[in-house]
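The next block holds one structure in the form of structure tokens; read it before the comments.
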2 protein chains.
Amino acid sequence: MPKIIVEVMPKADLLDPQGKAVANALHRAGNKDIAAVRIGKRIELHFEREIKDADIEKARQLGASFLSNDVIEDVVNVHVEN
Amino acid sequence: MPKIIVEVMPKADLLDPQGKAVANALHRAGNKDIAAVRIGKRIELHFEREIKDADIEKARQLGASFLSNDVIEDVVNVHVEN
């Protein structure tokens with residue numbers, strides 16, 4: 001099924017407590033080379049038809065307005081997977 | 001900063017109530033062409049040095065064992081971003 005993937009991350013200058021907790025746990029488990037962890041969202045929009053350029057443009061708009069909170073999050077990527 | 005991105009999604013045969021809620025809201029807002037929505041995680045592992053093949057292999061293992069719950073989730077992608 002064709003999908004548009006919208007990837008949303010917490011803004012770089014904001015704390016990400018969930019990511020910090022995972023980073024601490026990875027360190028305790030010996031993974032000292034992982035300097036930091038940040039956790040965002042991967043949102044799949046499924047279509048039952050072929051995806052057109054207009055759909056990607058619409059997904060970009062929805063990503064910025066509806067699927068993310070632009071006070072605390074950035075849309076880092078919008079792409080199609082078939 | 002070099003990063004390994006680990007993408008985790010709820011398994012296809014499981015309900016995803018958060019995705020379902022977003023799909024319903026998108027439909028109410030007129031986006032009838034989006035048949036379904038599923039929401040997973042995008043986990044960034046940050047490194048302060050170059051990423052080697054062994055790091056990617058390790059990230060794959062951590063993705064399967066530590067960063068996801070394999071009863072309900074699948075790791076759908078592991079890749080490097082510089």
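Below, read A as the first sequence line, B as the second, and so on, with proteins coming before strands; counting in each chain starts at 1. What you see is a predicted model, and the numbers here were worked out from it, not measured in a lab.
Of all residues spanning residues 61-72 of chain A, those with a heavy atom less than 4.5 Å away from chain B's heavy atoms are A:L62, A:F66, A:L67, arranged by number.
Heavy-atom distances place the side chain of B:M9, and not its backbone, under 4.5 Å from chain A. Using a 4.5 Å cut-off between heavy atoms, B:K58 touches chain A through its side chain atoms alone. Using a 4.5 Å cut-off between heavy atoms, A:N31 contacts chain B through its side chain alone, with no backbone atom that close. Residue B:A23 does not touch chain A at all, counting heavy-atom pairs closer than 4.5 Å. Contacts of A:A59 with chain B are absent, with no heavy-atom separation under 4.5 Å from either backbone or side chain.
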Handout entry: side chain to side chain contact (heavy atoms under 4.5 Å, CB included) between B:I34 and A:I4, worked out
Key = CA-CA 10 Å; B:I34 298 172; A:I4 300 178; over 6 Å; no

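Linking Ile, Leu, Val, Met, Phe, Trp and Tyr whenever their side-chain heavy atoms come within less than 4.5 Å puts A:L26 and B:V6 in one cluster. At a threshold of 4.5 Å between side-chain heavy atoms, the hydrophobic network of Ile, Leu, Val, Met, Phe, Trp and Tyr places A:V37 and B:V78 in one connected group. Residue A:V22 is grouped with residue B:L45 when hydrophobic side chains (ILVMFWY) are merged at heavy-atom distances under 4.5 angstrom, including chains of intermediate members.
Within a 6.0 Å sphere centred on CD1 of B:I56, other residues, nucleotides and ligands contribute more than 12 heavy atoms. For B:K20, the NZ atom is loosely surrounded, since the number of other residues' heavy atoms within 6.0 Å does not exceed 12.
Between B:E7 and A:R42, at least one side-chain N (NZ, or NE/NH1/NH2) sits under 4.0 Å from a carboxylate O, which counts as a salt bridge.
No other option in B:D55, B:D33, B:V76 has as many heavy-atom pairs under 4.5 Å with chain A as B:D33.
Taken from CD1 in A:I43 to CD1 in B:I39, the straight-line distance is 5.0 Å, to the nearest 0.5 Å.
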